[in-house]
Amino acid sequence: YLARASQGGSGLLWTDASWKLKQALGNTDGQTVLTTDWGILGPLVVTSKARFAVYGISDLLTADSLSATQETLLADAMAAPSNIFVAHADGSEVFAGVNVRLQAFAQKHRFRKALVRSVSDRHGRPIFEVFRFTRSG
């Protein structure tokens, strides 16, 4: 396992990109970080020593449908300028379809994803995306 991991990387969870994620977020003072997939929250809490607000919202993105209250909650989260989102890069999600569902929800509610930065592992593979949402048209 160790030889494979040193040559090809450790996979999606606890990759060396996990250690770069806190730095990629920059100054989180006054911001809330929302993680969209499983396996992002834990490493982020550990590497940041739990020094800022971070919450997982993957339960909203794995459901077949959202209640009106959940839709309002997610739309309000997208609208809040103090929220920053972290997702696995497309094709690297742990919960298949969370990125597609988030994008579909954003379009339905007239939001556009604004990428802040991508975080790659030491092999150059994009692992995480850090982004916000802005109102479109």
### Query
So do the side chains of F105 and M78 get within less than 4.5 Å of each other, counting heavy atoms only?
yes
Just list the side-chain donor-acceptor pairs under 3.5 Å for residues 112-119, sequence neighbours left out, or say none.
{"unit_1": "R112", "atom_1": "NH2", "unit_2": "T134", "atom_2": "OG1", "d": "3.3"}
{"unit_1": "K113", "atom_1": "NZ", "unit_2": "E129", "atom_2": "OE1", "d": "2.5"}
{"unit_1": "R117", "atom_1": "NH1", "unit_2": "A24", "atom_2": "O", "d": "2.4"}

### Any donor-acceptor pair under 3.5 Å from R135 side chain to A79 backbone
no
#### Entry: L66/R101 under side chain to side chain contact (heavy atoms under 4.5 Å, CB included): CA gap, chis, key distance, verdict
CA-CA 11 Å; L66 297 178; R101 285 187 183 104; over 6 Å; no
### Message
Testing the basics here: between D37 and V94, what is the closest heavy-atom pair and its distance to 0.1 Å?
### Response
OD2-N, 2.6 Å
### Query
Checking side chain to side chain contact (heavy atoms under 4.5 Å, CB included) for the pair F95/H88: CA distance, chi angles, key distance, verdict?
CA-CA 10 Å; F95 290 144; H88 282 118; over 6 Å; no
### Query
What distance separates L34 CG from F133 CZ, expressed to the nearest 0.5 Å?
10.0 Å
#### Entry: Minimum heavy-atom distance R122-K20, with the two atoms named
N-NZ, 4.0 Å
### Query
Looking at side-chain heavy atoms only, is the closest gap between F128 and S92 below 4.5 Å?
no
### Message
Please report the interatomic distance OG1(T15) to CD1(I127), rounded to the nearest 0.5 Å.
### Response
5.0 Å
#### Entry: Nearest-0.5 Å distance, CD of residue Q107 to OG of residue S136
8.0 Å
#### Entry: Note, K22 side chain near T28 side chain (heavy atom, < 4.5 Å)
yes
### Query
At their closest point, which heavy atom of E93 faces which heavy atom of D90, and how far apart are they?
OE1-C, 3.9 Å
Please list, one pair per line, the donor and acceptor atoms closer than 3.5 Å that link side chains of residues 39-61 to other protein atoms, with sequence neighbours excluded.
{"unit_1": "T47", "atom_1": "OG1", "unit_2": "P43", "atom_2": "O", "d": "2.9"}
{"unit_1": "T47", "atom_1": "OG1", "unit_2": "L44", "atom_2": "O", "d": "3.4"}
{"unit_1": "S48", "atom_1": "OG", "unit_2": "L44", "atom_2": "O", "d": "2.8"}
{"unit_1": "S48", "atom_1": "OG", "unit_2": "V45", "atom_2": "O", "d": "3.4"}
{"unit_1": "S48", "atom_1": "OG", "unit_2": "A50", "atom_2": "N", "d": "3.3"}

### Query
Hey, what do you get for OG (S82) to CG (D29), rounding to the nearest 0.5 Å?
12.5 Å
### Message
Just checking Q23: does its CD atom have more than 12 heavy atoms from other residues, nucleotides or ligands closer to it than 6.0 angstrom?
### Response
no
### Task
Answer with yes or no whether the hydrophobic clustering places F85 together with V100; edges join I, L, V, M, F, W, Y residues whose side-chain heavy atoms lie under 4.5 Å apart.
no
